Amino acid sequence: RAGRHRATRHPSCSAGMGRRLYNVAVLTSVLTLFHVTVCAIQHREYLKAIQEPFTYPPFEIVVQCVVLLAVGTWGVLGLQANFVPIRTTTHLAKQTVDSLDGGPDFVHFNTRELR
């Protein structure tokens, strides 16, 4: 009986687990961004100490940036809620042509007198 109980899960349990996974992905990407920033600063300081010019960041820093961008994007897209449609049909159905203020059809600023 215990095996049968574990096999049938409530749908809300998996949704909560997925949301938690997205939260962890976003938190991990933010913390990794902080770590990559510290590593880049340390690399620049090291190059200054040995008096070499900074040409480009190390390969490890670039890879970490690409990975955290992918993980962070996946997490944020997973956390976004469903879009709610904008229901304007009932409001627009009540309006008449007379109530719409279209403004003037043509505006000109040539106010000089003609000679």
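Fair warning: this is a prediction, and the values are worked out from it, not measured in the lab.
Using a 4.5 Å heavy-atom cutoff, the side chains of L79 and N23 are in contact.
Put simply, NZ on K48 and NE2 on H43 are 12.0 Å apart, with the number rounded to the nearest 0.5 Å. Rounding to the nearest 0.5 Å places NE2 of H35 at 9.0 Å from CD1 of I61. Rounded to the nearest 0.5 angstrom, L33 CG and T28 OG1 are separated by 12.5 Å.
Taking both residues in full, the closest heavy atoms of V36 and Q64 are given as CG2-OE1, 2.8 Å, listed atom of the first, atom of the second, then distance. In terms of heavy atoms, G75 sits closest to A25 at CA-CB, 4.1 Å. The nearest pair of heavy atoms linking V62 to P57 is CG2-CG, 3.9 Å.
There is no path of hydrophobic side-chain contacts, each under 4.5 Å, that joins W74 to L68. L69 and V30 fall into different hydrophobic clusters, where Ile, Leu, Val, Met, Phe, Trp and Tyr residues are linked whenever their side-chain heavy atoms come under 4.5 Å apart, directly or through other members. In the hydrophobic clustering of ILVMFWY residues, with side-chain heavy atoms under 4.5 Å counting as a link, Y56 and V66 come out apart.
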Query - Stepwise side-chain contact (heavy atoms from CB on, under 4.5 Å) check, V26 with V76 - result: CA-CA 7 Å; V26 171; V76 168; 4.0 Å; yes
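The number of heavy-atom neighbours closer than 6.0 Å to CZ of F54, taken from other residues, nucleotides and ligands shown, is above 12.
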